[in-house]
Amino acid sequence: MKTFRCTCGNRLYFENTQCLACGKALGYLQDLRIVGPVQAGERDGCYLGVGERLYRKCRNYEGHSVCNWMIPMDVGAAYCCSCALNRIIPNLSEPKHLTLWRRIEVAKRRLIYTLQDLGLPMVDRRQDSEHGLEFEFLSDAGATTEFYDTLGQQRSVMTGHRSGTITINIAEADPSAREQMREKMNEQYRTLLGHFRHEIGHYYWDQLVSGSHWLEEARLLFGDERGDYQQSLEKYYADGPREDWPNRFISAYASSHPWEDWAETWAHYLHMIDTLETAHDFGFVISGRSITHPAEALSKGSQYAFDPRVTFEALLEDWINLTLAMNALNRSMGLQDAYPFVLSKPASDKLRLVHRLIQDVMQRP
């Protein structure tokens with residue numbers, strides 16, 4: 001994720017709604033893909049953005065302050081392209097739900113920004129009932145407070161993906177409950193953004209891998225997905241991960257079934273390219289060499305000149321060096337490792353396949 005600049009020169013971040021240097025109101029201009037200053041126009045609900053184009057606030061920005069995206073006035077839509085994907089939002093009459101929803105939307109907008117940047121197919125389910133995408137943000141029965149204990153009873157809402165519908169249990173937006181669940185599940189990493197990246201991986205298996213020329217190669221690396229999925233998960237939760245999982249998989253959960261291996265790998269690939277872009281944007285240099293921008297190895301159509309010499313291996317090397325530094329910095333602050341994973345060769349090969357598939361999508365006419 002790159003950062004942006006206000007007209008006053010101050011650095012802006014993706015979630016900002018006001019410049020802390022000059023006080024200007026800000027919005028994400030989805031047509032220009034930048035965060036920039038906006039000012040009220042002559043008409044009610046009208047704002048002037050970069051280049052004097054007219055915008056309106058997304059309805060969730062105007063009404064609930066859970067979004068900061070702006071929509072061009074000549075686009076006949078009340079919601080931005082991220083909020084338009086919501087099928088169900090939390091019940092806002094319940095205490096704390098607005099806070100949890102706001103955190104969820106921050107993570108989802110980061111996901112949508114990356115998917116758009118990669119040129120991945122994404123359509124509203126209302127427009128395409130077969131291949132479309134939608135989100136449901138639901139709570140367990142009786143979960144009315146931010147610190148609702150999700151461990152004390154069977155969770156009725158399962159975070160997951162089903163035929164283009166991604167469901168997120170809003171308890172995942174409560175850091176306390178999420179950390180308790182992470183420890184109970186013996187996971188190394190559990191974040192809202194990680195959930196979104198994992199579940200969208202399931203969606204893109206259906207859209208880009210299943211029934212395509214990539215399927216056989218994916219089966220060679222990830223295994224045959226036609227094995228009983230529910231039975232595999234039950235075995236995983238009953239017996240735990242296979243003993244050799246660090247040698248073959250990117251996470252313990254990835255060893256439960258080929259679909260989960262794919263989704264975990266997809267999520268880690270998005271972790272990698274988004275973090276590398278951030279490091280590049282801040283001018284990071286490790287061992288005397290600048291961090292590679294992922295677009296250099298992905299797209300001919302980006303602002304960066306496509307260089308065939310910049311390979312996945314260059315990205316992977318930068319990622320390993322960067323995460324070693326990130327982990328060392330976190331330890332210096334007494335924090336957990338930012339990226340508590342070791343990439344085996346099989347796990348790296350799987351990441352390489354995801355890279356090649358996305359590269360193929362980006363370079364299509």
Point to revise | Pairing residues for Asp228 by the salt bridge (Lys or Arg N to Asp or Glu O under 4.0 Å) criterion, not counting sequence neighbours | key: none
Point to revise | With sequence neighbours excluded, residues passing ring-ring contact (aromatic ring centres under 6.0 Å, His included) with Tyr189 | key: His271
Review point. Can you list the residues that meet the salt bridge (Lys or Arg N to Asp or Glu O under 4.0 Å) rule with Glu234, with sequence neighbours excluded?
Key: none
Check your understanding: With a 4.0 Å cut-off, would you call Glu105 and Arg102 a salt bridge?
Key -> no
Practice item. Output every pair passing side chain to side chain donor-acceptor pair (under 3.5 Å) with a member in residues 321-332, not counting sequence neighbours, ordered by first then second residue. Key: Arg331-Asp337
Point to revise | Basic-acidic side-chain contact under 4.0 Å: Glu62, Arg59 | key: no
Point to revise | Salt bridge flag under 4.0 Å for residues Glu172 and Arg190 | key: yes
Practice item. Scan side-chain atoms only and decide if Asn68 and Asn16 contain a donor-acceptor pair under the 3.5 Å cut-off. Key: no
Practice item. Not counting sequence neighbours, which residues clear salt bridge (Lys or Arg N to Asp or Glu O under 4.0 Å) with Glu225? List them please. Key: Arg219
Review point. Can you name the ring-ring contact (aromatic ring centres under 6.0 Å, His included) partners of His131, sequence neighbours left out?
Key: none
Exercise for review: Quick one: list whatever passes ring-ring contact (aromatic ring centres under 6.0 Å, His included) with His161, sequence neighbours left out.
Suggested key: none
Revision key, fill the gap. The ring-ring contact (aromatic ring centres under 6.0 Å, His included) partners of Phe196 (sequence neighbours excluded) come to Phe135
Exercise for review: Determine, using ring centers only, whether Tyr339 and His268 are less than 6.0 Å apart.
Suggested key: yes
Review point. Would you say the side chain of Leu208 lies within less than 4.5 Å of the side chain of Tyr203, judging by non-hydrogen atoms?
Key: no
Point to revise | Residues that Asp206 engages under side-chain hydrogen bond (donor to acceptor under 3.5 Å, both in side chains), provided they are two or more places apart | key: none
Point to revise | Partner residues of Arg242 under the side-chain hydrogen bond (donor to acceptor under 3.5 Å, both in side chains) criterion, sequence neighbours left out | key: Asp244
Study note, to complete from the structure: The salt bridge (Lys or Arg N to Asp or Glu O under 4.0 Å) partners of Arg356 (sequence neighbours excluded) come to Glu217
Review point. Between Asp281 (side chain) and Thr3 (backbone), is there a donor-acceptor pair under 3.5 Å?
Key: yes
Donor-acceptor pairs under 3.5 Å, side chain of residues 112-119 to any protein atom, not counting sequence neighbours: which ones?
from: Thr114; atom 1: OG1; to: Arg110; atom 2: O; distance (Å): 3.1
from: Gln116; atom 1: OE1; to: Arg33; atom 2: NH1; distance (Å): 2.9
from: Asp117; atom 1: OD1; to: Arg33; atom 2: NH2; distance (Å): 3.4

Check your understanding: Looking only at side chains, do Asp174 and Ser176 share a donor and an acceptor under 3.5 Å apart?
Key -> no
Review point. Do the charged groups of Asp261 and Arg248 touch, with an N to O distance under 4.0 Å?
Key: no
Review point. Can you tell me if Arg56 uses its side chain to pair, donor with acceptor, with the backbone of Ala78 under 3.5 Å?
Key: no
